[in-house]
6 protein chains.
Amino acid sequence: MSDDLVTFGESMLRLSPPGNERMETTGQLDVHAAGAESNTAIAAERLGAKAAWMSKLPDTPPGRRIANGIRQHDITTDVVWSEDGRPGTYYLEHAGRPRGTNVVYDRADSEFSVAAAEEFNLERIRDATAFYTTGITPALSEQMRETTVNMLSVARNAGTMVAFDVNYRRKLWSPEAARNTITRLFPAIDVLIIAAKDAEAVLDYDGEPTQLAHHLASEYEFRTVVVTRGAHGAVAIHDNVVHEQDAFETDTHDPIGSGDAFTGAFLARRLSGDDVGRALQYATATAALKRTIPGDVATVTKSEVDAIVADRTEDISR
Amino acid sequence: MSDDLVTFGESMLRLSPPGNERMETTGQLDVHAAGAESNTAIAAERLGAKAAWMSKLPDTPPGRRIANGIRQHDITTDVVWSEDGRPGTYYLEHAGRPRGTNVVYDRADSEFSVAAAEEFNLERIRDATAFYTTGITPALSEQMRETTVNMLSVARNAGTMVAFDVNYRRKLWSPEAARNTITRLFPAIDVLIIAAKDAEAVLDYDGEPTQLAHHLASEYEFRTVVVTRGAHGAVAIHDNVVHEQDAFETDTHDPIGSGDAFTGAFLARRLSGDDVGRALQYATATAALKRTIPGDVATVTKSEVDAIVADRTEDISR
Amino acid sequence: MSDDLVTFGESMLRLSPPGNERMETTGQLDVHAAGAESNTAIAAERLGAKAAWMSKLPDTPPGRRIANGIRQHDITTDVVWSEDGRPGTYYLEHAGRPRGTNVVYDRADSEFSVAAAEEFNLERIRDATAFYTTGITPALSEQMRETTVNMLSVARNAGTMVAFDVNYRRKLWSPEAARNTITRLFPAIDVLIIAAKDAEAVLDYDGEPTQLAHHLASEYEFRTVVVTRGAHGAVAIHDNVVHEQDAFETDTHDPIGSGDAFTGAFLARRLSGDDVGRALQYATATAALKRTIPGDVATVTKSEVDAIVADRTEDISR
Amino acid sequence: MSDDLVTFGESMLRLSPPGNERMETTGQLDVHAAGAESNTAIAAERLGAKAAWMSKLPDTPPGRRIANGIRQHDITTDVVWSEDGRPGTYYLEHAGRPRGTNVVYDRADSEFSVAAAEEFNLERIRDATAFYTTGITPALSEQMRETTVNMLSVARNAGTMVAFDVNYRRKLWSPEAARNTITRLFPAIDVLIIAAKDAEAVLDYDGEPTQLAHHLASEYEFRTVVVTRGAHGAVAIHDNVVHEQDAFETDTHDPIGSGDAFTGAFLARRLSGDDVGRALQYATATAALKRTIPGDVATVTKSEVDAIVADRTEDISR
Amino acid sequence: MSDDLVTFGESMLRLSPPGNERMETTGQLDVHAAGAESNTAIAAERLGAKAAWMSKLPDTPPGRRIANGIRQHDITTDVVWSEDGRPGTYYLEHAGRPRGTNVVYDRADSEFSVAAAEEFNLERIRDATAFYTTGITPALSEQMRETTVNMLSVARNAGTMVAFDVNYRRKLWSPEAARNTITRLFPAIDVLIIAAKDAEAVLDYDGEPTQLAHHLASEYEFRTVVVTRGAHGAVAIHDNVVHEQDAFETDTHDPIGSGDAFTGAFLARRLSGDDVGRALQYATATAALKRTIPGDVATVTKSEVDAIVADRTEDISR
Amino acid sequence: MSDDLVTFGESMLRLSPPGNERMETTGQLDVHAAGAESNTAIAAERLGAKAAWMSKLPDTPPGRRIANGIRQHDITTDVVWSEDGRPGTYYLEHAGRPRGTNVVYDRADSEFSVAAAEEFNLERIRDATAFYTTGITPALSEQMRETTVNMLSVARNAGTMVAFDVNYRRKLWSPEAARNTITRLFPAIDVLIIAAKDAEAVLDYDGEPTQLAHHLASEYEFRTVVVTRGAHGAVAIHDNVVHEQDAFETDTHDPIGSGDAFTGAFLARRLSGDDVGRALQYATATAALKRTIPGDVATVTKSEVDAIVADRTEDISR
Ligand SMILES: [Ca+2]
Ligand SMILES: [Ca+2]
Ligand SMILES: [Ca+2]
Ligand SMILES: [Ca+2]
Ligand SMILES: [Ca+2]
Ligand SMILES: [Ca+2]
Ligand SMILES: [Ca+2]
Ligand SMILES: [Ca+2]
Ligand SMILES: [Ca+2]
Ligand SMILES: [Ca+2]
Ligand SMILES: [Ca+2]
Ligand SMILES: [Ca+2]
Ligand code: NI
Ligand code: NI
Ligand code: NI
Ligand code: NI
Ligand code: NI
Ligand code: NI
Ligand code: NI
Ligand code: NI
Ligand code: NI
Ligand code: NI
Ligand code: NI
Ligand code: NI
Ligand code: NI
Ligand code: NI
Ligand code: NI
Ligand code: NI
Ligand code: NI
Ligand code: NI
């Protein structure tokens with residue numbers, strides 16, 4: 001049976017001091033498997049899609065730790081294993097204002113970053129209903145820029161729907177480099193997800209989100225454009241119709257991965273036949289729930305999201 | 001020396017992932033001994049009453065863990081020990097909005113749930129000033145419905161004052177079953193505590209709390225009715241006089257057990273001779289303090305509660 | 001692609017105080033997913049087989065926790081989900097002499113224990129090369145005795161090789177009940193694994209292990225009989241040939257699951273074409289490695305086991 | 001109902017880095033309530049005696065923590081509470097050879113150390129069957145030397161049996177000071193427990209344990225003398241009859257408190273009517289079990305000790 | 001090379017239950033090295049000064065733990081080591097409203113508290129640009145009152161600038177004792193830092209902060225007076241000019257040490273040549289950052305503080 | 001004041017699952033700062049030398065964490081800071097037999113590995129009494145081979161005594177590469193430390209340790225050669241005299257760093273004037289103590305080592 005959604009990208013060992021502790025003084029690190037595209041696949045699976053994640057990892061204890069952490073969430077993990085080498089890692093400290101969450105990447109020269117498209121199971125992409133990656137993938141290396149182009153071509157040529165989140169990371173590349181690369185990928189994309197702040201940073205667009213969505217949809221001929229605005233909700237343009245969705249009230253414990261939860265839920269509900277407005281509701285509710293959960297992953301059930309969408313949450317459920 | 005307050009009910013092993021962690025992915029569980037009636041006895045003892053808790057447990061490592069956790073708080077634990085069998089347990093996940101606190105009970109077929117009134121030390125109830133149980137007790141099993149009726153009769157016949165908290169749990173029984181059983185217990189009760197939301201769920205009463213209190217007091221001839229309203233404080237009717245009390249501002253860490261803290265403090269101050277208004281102040285302040293404490297139990301001192309009632313709290317006391 | 005090995009049995013939430021802590025005083029519990037048959041499937045997969053585990057669990061947070069913990073190890077998990085109900089759980093304390101490891105089961109009335117054969121994906125058994133369960137499965141309930149008989153029939157009738165470990169648990173049933181049930185299962189079994197101490201307890205056989213193996217092989221027409229003897233190694237009879245294997249020196253951290261690691265490795269190597277003597281080596285080495293690992297599961301790689309078999313281990317590998 | 005055994009002494013907050021960690025670099029400390037005399041009372045209660053512990057503590061968070069930790073074990077805690085002041089504390093690091101376990105006391109000027117005999121509930125001593133303290137108590141201060149003398153007099157005059165463990169601590173006083181004080185207490189004592197190494201350090205006696213016991217029994221007219229020898233077991237002289245007991249094999253996790261476990265079990269079994277030889281068996285088995293348990297306290301059950309005495313222990317009990 | 005800033009004061013072992021746990025029931029304590037004057041030195045070093053801390057500690061495991069915890073932060077630690085004795089310790093529980101943070105000191109009779117000025121390396125004070133201590137130091141003992149006077153004289157006589165924070169601790173002395181002692185120290189002081197609430201408690205001044213600063217500056221001839229007001233920011237008078245600074249928005253995790261972070265940053269920026277207004281900005285931003293960090297110490301970098309001052313913080317930096 | 005001993009080498013973030021946990025399944029990692037040459041400097045400082053460690057690190061949270069972890073131990077840390085880049089890291093799993101301790105390096109392309117000799121404070125080497133590095137340093141990269149040659153030349157030319165431990169790491173380079181590089185360094189070395197197993201692996205010498213020492217001393221004109229043999233002790237040749245030393249009995253908790261502890265103690269005692277035999281005793285005792293301590297670092301005091309050398313250790317010291 002083929003997949004509803006195949007995602008492609010690097011997942012890493014996320015190393016974070018417990019609670020608000022600082023990296024400089026910590027004696028322990030919490031370990032999570034983390035990566036935008038596996039996060040998205042997991043959220044999609046949990047919201048009802050049959051999801052797979054494709055990647056490359058070294059067959060070493062830290063490499064296997066990453067795969068195990070993702071595999072437990074019941075998605076298909078289609079990993080190319082190298083005999084040695086390093087996985088990407090990153091350090092994360094989090095706190096409230098004015099410190100916020102700080103990421104220090106240590107992902108250069110990972111096994112994934114030097115992988116060519118031919119190494120992966122391209123048949124899986126061709127057989128799937130939808131394919132997804134993000135702007136992080138081409139940001140990783142020259143090789144990955146080429147690989148991303150090739151993966152999108154495979155999907156495009158097979159008639160697999162292509163979804164893409166801009167996911168700009170200023171610690172990986174400059175706005176100019178991102179703009180040049182990503183806009184060249186746009187023609188292959190059907191569904192674009194972009195954070196309003198990334199539109200400003202990368203595309204230098206600081207206007208109204210609805211106008212941004214319109215502008216992008218018409219200029220690049222996307223079928224669907226979703227603009228996310230954090231605590232201000234999201235808007236989507238689909239077949240020229242605008243959908244707006246407020247954010248749900250949330251007490252944030254760990255904001256990382258809420259964008260991926262949003263996208264995974266959005267794609268899952270779309271692939272299940274929900275209309276864009278309904279899918280935006282599920283996306284926004286899943287993102288809110290993610291923010292209460294430590295780690296990158298939206299460990300949620302569809303019935304929990306249903307309760308938020310239906311405004312049936314309780315302070316204490318017993 | 002006889003007890004001021006005897007409580008009767010099941011206490012369980014409460015198993016909760018640390019912090020905001022999810023049950024699905026946790027590698028550790030925090031362990032607490034927890035049960036409405038032992039929580040109430042502890043709060044009462046800490047607020048100045050001589051309190052005892054009666055229950056039944058298996059004499060196994062988890063069963064003894066429950067008794068030890070309660071006994072450390074310096075109440076009298078009058079436990080009937082069975083040679084084997086299981087104690088009740090429950091899983092608890094907590095988080096802020098929109099997730100909230102979620103309880104999954106695993107308490108069916110516990111040793112307590114099949115115990116008859118004759119197994120317990122009924123003389124202790126007859127000798128006490130007050131007896132207390134909650135609506136959770138008859139919700140546990142057919143046997144416990146009968147046992148609860150019998151325990152209340154023992155108290156009533158001995159002239160021991162009877163206090164009762166409705167404590168509706170929809171994961172244990174339906175509103176209809178609860179209404180049928182609990183209203184039949186009402187004639188034996190002197191002091192009724194009821195959450196406004198339970199009045200709505202079980203008694204289908206969604207009016208003004210003061211009216212609810214009046215209505216219940218007159219219809220069922222309770223001497224005292226206390227209606228609790230969470231962050232909106234509480235009201236009481238006692239001998240036809242209304243007392244109102246606002247909630248204290250609180251940063252909630254763990255909301256579970258705040259109702260029990262309220263009731264334990266209320267009963268302790270009443271048994272010490274405070275009037276209903278003063279007792280409501282202590283009850284509300286103890287509940288606020290409980291919400292800052294992990295676990296079900298109000299590990300507080302009377303002088304801490306005094307400081308809140310007297311508005312003498314400090315951000316940092318040093 | 002069909003499975004090399006399908007195992008069937010209950011897996012539970014294992015709750016154990018950290019280190020040598022006692023259940024009575026612990027504030028935390030380590031959580032592991034644990035069950036003889038999933039342990040065996042994981043060890044088999046890690047030693048080179050394509051393994052699947054079949055079971056039933058409630059679709060609740062603790063139920064999903066069990067599946068996640070097993071699924072991360074890359075076996076196929078073919079779980080029937082019930083809407084509610086309870087999973088089996090057990091409490092485990094461990095220590096050195098004279099305390100040892102103590103298990104307290106709380107697994108009665110689990111969803112698995114009341115499942116009928118028809119609820120499971122029997123086609124998977126028919127398609128597999130080998131099928132495996134243990135004496136724990138029929139010990140769980142009347143229903144499970146019937147279900148076990150039926151599962152073995154399905155395998156037998158489909159020509160799937162049947163392996164079985166006696167795995168006697170005196171806290172689940174008496175020696176007599178075990179003997180009656182298990183010996184009636186013997187005719188359906190091709191490969192029998194039995195601990196020497198279980199042979200004594202259940203079959204009342206306290207002679208020499210080699211003689212025991214001979215005796216069982218001839219009396220019940222097993223193709224292979226393996227008798228395990230803990231620190232004294234193991235012996236096997238296969239097609240009337242005796243194989244003996246000493247245990248490897250090991251510093252035990254957690255003995256639980258070492259028998260399952262043994263069996264999983266033995267079956268995997270046999271299914272890969274190794275002869276019985278070679279398979280016994282891998283089985284014994286995998287069991288030794290398991291004893292250094294916390295939890296029930298043999299989180300090992302085949303190359304680690306290769307190194308032990310080849311006597312290439314180092315105190316420090318760097 | 002009066003107590004079988006009343007013990008008197010200081011209990012402290014024990015602060016120990018987890019595992020083998022060093023105090024210099026630790027970020028966490030494990031907390032235990034610890035004191036020779038409360039340890040002994042708990043062991044006695046668990047082996048069948050009705051035991052009480054008398055002491056003095058400040059009514060502060062650390063003071064209450066000590067009482068809670070002891071009270072959970074179901075003995076009677078008869079504590080005199082001072083409004084403020086400090087409890088005794090100590091730091092403990094443990095490791096195997098050649099480091100061993102190292103104690104750093106910080107117990108000077110504790111509330112207990114300046115308490116007079118009159119502050120305590122002396123009636124409890126008079127009503128009890130036996131009274132117990134150790135050589136640590138008079139080592140604490142001039143005041144405590146006087147208080148100890150007075151407590152022993154109260155017991156002696158009331159006909160309460162007096163038991164005493166020499167428990168020499170070189171970090172509290174010199175051998176000379178200990179000898180002078182303790183030998184002056186000897187006339188009030190019925191049952192003397194002494195470690196062979198303390199006999200050497202304090203009494204300068206380095207001969208054979210049986211001879212030491214004979215010598216002490218005849219010189220000071222003790223009814224019973226028990227000489228403990230760690231891994232070499234123990235000997236007792238009682239009414240001129242010698243009893244010898246080997247130690248049980250044990251994998252030591254935390255050696256602290258094993259002497260107290262020994263004494264508590266010995267006294268409990270003697271108070272239950274067991275003869276000295278049988279009581280020595282239970283004492284030695286309880287001490288062996290204690291060594292597997294973190295903290296000072298023998299969290300054991302009588303049936304666990306029964307199994308050791310009867311040689312019915314298992315590596316894994318399930 | 002001489003120091004920019006030398007601080008003098010006691011640092012302690014800070015023992016705090018994890019999270020919101022209560023001391024009464026905790027099984028673990030988090031350990032930090034903590035003391036107003038070492039906190040201040042560390043903040044100053046991190047904001048660009050060359051800072052040293054002078055103190056006295058016992059050369060014991062807990063004593064060395066304190067020095068290690070401070071030394072890691074890269075300041076000069078000039079510690080007089082006594083062979084034995086005790087360091088100061090304190091217990092800290094923290095929570096939100098209405099509980100707040102509660103400190104229980106156990107610091108009487110510490111080695112520091114009985115040290116005379118001559119024991120310290122006074123040459124370091126004479127060589128430094130600035131010297132700093134707080135009102136906690138003379139609060140510790142009669143000896144420390146004398147020592148503080150002498151240390152200030154040494155600084156004054158050498159022309160070293162003297163800074164002083166009133167830091168009133170009501171659990172150490174009465175307002176009257178504090179006023180008498182501290183006002184007698186005022187003539188030796190160039191830069192006074194005082195919390196508005198301490199001005200009220202100790203100096204009985206409850207007027208406007210700017211007026212307070214004026215009043216103190218003129219009455220005691222301070223060159224600089226800084227009045228801190230927690231969430232309401234701070235004001236300073238310097239050479240008769242008023243500077244006001246609002247607080248930055250902050251999500252407080254641990255408020256302890258934010259005053260020391262403020263002062264350390266203020267002094268560092270002043271010693272680097274920043275004007276008082278700019279130094280107040282850095283002080284306020286460093287204090288805000290400290291409140292997000294567990295423990296007493298401001299583990300920050302200057303560039304983090306730069307970002308706050310420049311309003312360049314992000315929710316997530318990646 | 002100049003240093004007794006300057007060491008030069010890379011220190012890393014050591015990431016290890018707690019206890020015996022496996023990397024594949026762990027949710028936490030213990031963090032230590034670790035590197036042969038900083039380990040050695042710390043052991044030397046603790047045994048009485050004035051020691052400094054020279055290295056290069058990125059000024060990032062993980063880079064600063066490494067420096068902090070080392071600096072707390074009171075050695076001089078002379079670190080060159082790069083603005084960005086990565087520090088070396090490694091993963092470590094440990095267990096008893098047959099698993100042992102397994103290291104997975106992730107240290108390629110670290111900032112240290114590409115540093116040239118000119119970047120470091122060479123004056124410190126010239127001013128010191130002794131200089132030390134190990135065979136790990138030239139194993140890191142082409143650049144580091146050149147840098148090591150240059151550092152040794154600086155020392156040699158300044159008349160600073162040079163000590164060197166072969167420290168062969170097969171996961172960094174082949175025996176041939178190691179032999180070629182290291183034997184070319186030999187002429188610059190005064191004191192050679194070599195493990196017997198490294199002599200076998202690198203120099204292909206598997207004879208008697210005393211003969212090996214003689215052979216090396218005469219062939220390469222070392223003044224001192226120390227051959228270490230783990231649990232079999234060590235031998236040294238110094239000025240043609242042989243010294244032999246047995247190992248002390250030890251219960252190993254963490255074997256990593258025991259060689260560095262040995263060398264640090266040996267050099268410190270030699271630099272303090274002890275003869276080679278006495279220095280070997282201290283070296284062997286310090287190594288034994290290290291094996292009881294988690295992490296790479298010998299957190300010991302000289303008086304603890306004195307006690308081992310003098311055979312004055314106790315099971316419990318109190
Ligand atoms: Ca699925
Ligand atoms: Ca997290
Ligand atoms: Ca009480
Ligand atoms: Ca909790
Ligand atoms: Ca596989
Ligand atoms: Ca596992
Ligand atoms: Ca009892
Ligand atoms: Ca305990
Ligand atoms: Ca510095
Ligand atoms: Ca803290
Ligand atoms: Ca030093
Ligand atoms: Ca370690
Ligand atoms: Ni977090
Ligand atoms: Ni997590
Ligand atoms: Ni996860
Ligand atoms: Ni919590
Ligand atoms: Ni708790
Ligand atoms: Ni509690
Ligand atoms: Ni374990
Ligand atoms: Ni375990
Ligand atoms: Ni585990
Ligand atoms: Ni321990
Ligand atoms: Ni403990
Ligand atoms: Ni304990
Ligand atoms: Ni905190
Ligand atoms: Ni900390
Ligand atoms: Ni710190
Ligand atoms: Ni370790
Ligand atoms: Ni460590
Ligand atoms: Ni360290």
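- For a residue to count as touching a neighbouring chain, one of its non-hydrogen atoms must lie under 4.5 Å from one of that chain's; by this rule C:E249 touches chain F with backbone and side chain alike.
- The cationic group of F:R14 does not satisfy the cation-pi geometry with F:Y90, failing either the under 6.0 Å distance to the six-membered ring centre or the 45° limit from the ring axis.
- A salt bridge links F:E10 with F:R107; the closest basic N to acidic carboxylate O contact falls under 4.0 Å.
- Of the N and O atoms on the side chains of C:R65 and C:N68, not one donor lies less than 3.5 Å from an acceptor on the other residue.
- Both the backbone and the side chain of F:R99 come within contact range of chain C, each with at least one heavy atom under 4.5 Å from a heavy atom of that chain.
- Proximity to chain C is absent for every atom of F:Y168, based on heavy atoms less than 4.5 angstrom apart.
- Ion pairing between C:E45 and C:K302 fails under the 4.0 Å rule for side-chain N and carboxylate O.
- Sorted by first and then second residue, the side chain to side chain donor-acceptor pair (under 3.5 Å) pairs with a member in residues 195-207 of chain F form an empty list; sequence neighbours excluded.
- No salt bridge links F:R291 with F:D254; every basic N to acidic carboxylate O contact stays at or beyond 4.0 Å.
- Checked against the 6.0 Å centroid criterion, the rings of C:F8 and C:F112 qualify as a close aromatic pair.
- Of all residues spanning residues 307-318 of chain C, those with a heavy atom less than 4.5 Å away from chain F's heavy atoms are C:I308, C:T313, C:E314, C:D315, C:I316, C:S317, C:R318, arranged by number.
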